[in-house]
Amino acid sequence: MSLAGKRVLLIVTGGIAAFKALELIRLLRKGGCGVTCVLTKGGAQFVTPLSLQALSEHHVYTDLFSLTDESEMGHIQLSRSADLVVVAPASADILAKMAAGLADDLASTLLLATDKAVLVAPAMNVRMWGHAATRANMATLQARGVAVVGPDEGAMACNEFGAGRLSEPPVILAAIEAMLAGARPLAGKHAIVTSGPTHEPIDPVRYIANRSSGRQGHAIAAALAALGARVTLVSGPVTVPDPAGVTVRRIETAAEMLAACRAALPADIAVFAAAVADWRVASASDQKIKKTPDGAPPALALTPNPDILATIAAAGADRPRLVVGFAAETHDLRAHAQDKRRRKNADWIVANDVNPSTGIMGGAENEIHLVTAEGIEDWPRLAKDEVAGRLAARIAKVFA
Ligand code: CTP
């Protein structure tokens, strides 16, 4: 999709990531997109109006009550003259103002007055992003239709690690392009995504689990939501943050995961990315199992867990139109994946090699092979976010 002839109103708020707005402007301009910048007081601590002006080749607006600005272009008009309003970086403060409907500076006033779609790219400290207030503000904004890109996870300027880094400019650019193209192709569709491991209790303090981080499943949930789907994410115990704009159902065991998936039906799309434990302890003890004087280890009798993917794929009239499973294999990947697709009645299987040497399980990257009725597509090794984006785009094609 071409950006040419489109105009973006870019609001730059305070944060160390504000410098990335410069690269975003450069990319937008390169694509032929007009950019008008609004710089908040906080943003001006990190980038200068002059830099924004030089790159956008346009006057930069900074002050709500500037008489010159008002005579040139009133703030109501400014909020409506663009095709899209983008807030990047979006600080915790601007998100809170947007959620509360405050209008105490130019940026917040424009955001309250605009009749255009709004995309926010949050960037803040990991604790601020995880704070209940920010969570609630994001939920409010997304319920109102504000689109979100990021934030990413990684090392932060404040020497902490976690979610809160501004998405990279090319990723924000792709989100802008999708929105300008009216690309919410999954609007009105409901997707169920399972993610993470399950914990199967042995006794009240011990459980059987696996190394799944939930990163891939969570990224898929976020990517589907970004394309407009309503997403129910059924997640086992994970430490990755909840993706913005999805409904999260937290469960521990496979039985609970199946119940949560069933409760979330009907759905158009189901993606089973969870690493579900195949077995559970047949009769978990309700008291902590004590060591015996002779030191003999307890024998744990296991019983199979329900296969959630196979159960939902066999749900008759309730079967989602597109059922996508995962196959985590350490050998004979293609043959096992093709067999799994047929056996579990899935439409697609996303197969990946989880040999420890690949670093995929629990890592940040994935190299997948998409098994469909038509054949097998080998994808390059990509960040899990990118795999998620591509998969969501592929899913959207089915519903085009
Ligand atoms: N799955 C599920 N419920 C289970 C087990 C697996 O929904 N009880 C789903 C997974 O989420 C994944 C797919 O089935 O989408 C494949 O899971 P995997 O563990 O790779 O395959 P298995 O069926 O367990 O086969 P095997 O143990 O032979 O690899």
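Order of listing sets the numbers, starting from 1, for every ligand and every atom in it.
- Contact annotation: Pro306 has at least one heavy atom less than 4.0 Å from an atom of ligand 1.
- Those atoms of ligand 1 that come under 4.0 Å of a heavy atom in Asp278, given as number and element, are 5 (C), 24 (O), 27 (O).
- Within the listing of ligand 1, atoms 20 (O) sit less than 4.0 angstrom from a heavy atom of Ala328.
- Of the candidates Val38, Leu39, Asp105, Ile94, Thr13 forms a side chain to side chain contact (heavy atoms under 4.5 Å, CB included) with just one, namely Ile94.
- Ring orientation note: the planes of His336 and His331 are nearly perpendicular, at an angle over 60° on the 30°/60° scale.
- In this structure, Ala254 falls outside the shell of residues with a heavy atom less than 4.0 angstrom from ligand 1.
- The protein non-hydrogen atom at the shortest distance from atom 3 (N) of ligand 1 is Ile308 N, 3.0 Å.
- Note: an N/O pair closer than 3.5 Å links Lys340 and ligand 1 by distance alone.
- Nearest to atom 12 (C) of ligand 1 among the protein's heavy atoms is Phe326 O, 3.0 Å.
- Within a 6.0 Å sphere centred on CZ of Arg343, other residues, nucleotides and ligands contribute more than 12 heavy atoms.
- Geometrically, ligand 1 and Ala327 share no nitrogen or oxygen pair separated by less than 3.5 Å.
- In this structure, the side chains of Arg262 and Leu258 come closer than 4.5 Å at one or more pairs of heavy atoms.
- To the nearest 0.5 Å, the span separating CG on Leu22 from CG on Leu27 amounts to 11.0 Å.
- Between Arg319 and Asp347, at least one side-chain N (NZ, or NE/NH1/NH2) sits under 4.0 Å from a carboxylate O, which counts as a salt bridge.
- Close approach of ligand 1 to Gly325 (heavy-atom distance below 4.0 Å) involves ligand atoms 15 (O).
- Using a 4.0 angstrom heavy-atom cutoff, Lys344 counts as in contact with ligand 1.
- Classification of the His58-Tyr61 ring pair by plane angle, with boundaries at 30° and 60°, yields tilted.
- With contacts defined as side-chain heavy-atom distances shorter than 4.5 Å, the pair Asp93/Lys97 qualifies.
- Looking only at protein heavy atoms, the nearest one to atom 7 (O) of ligand 1 is Leu309 N, 2.8 Å.
- Residue contacts with ligand 1: Ala274 is placed with a nitrogen or oxygen under 3.5 Å of a nitrogen or oxygen of the ligand (distance criterion only).
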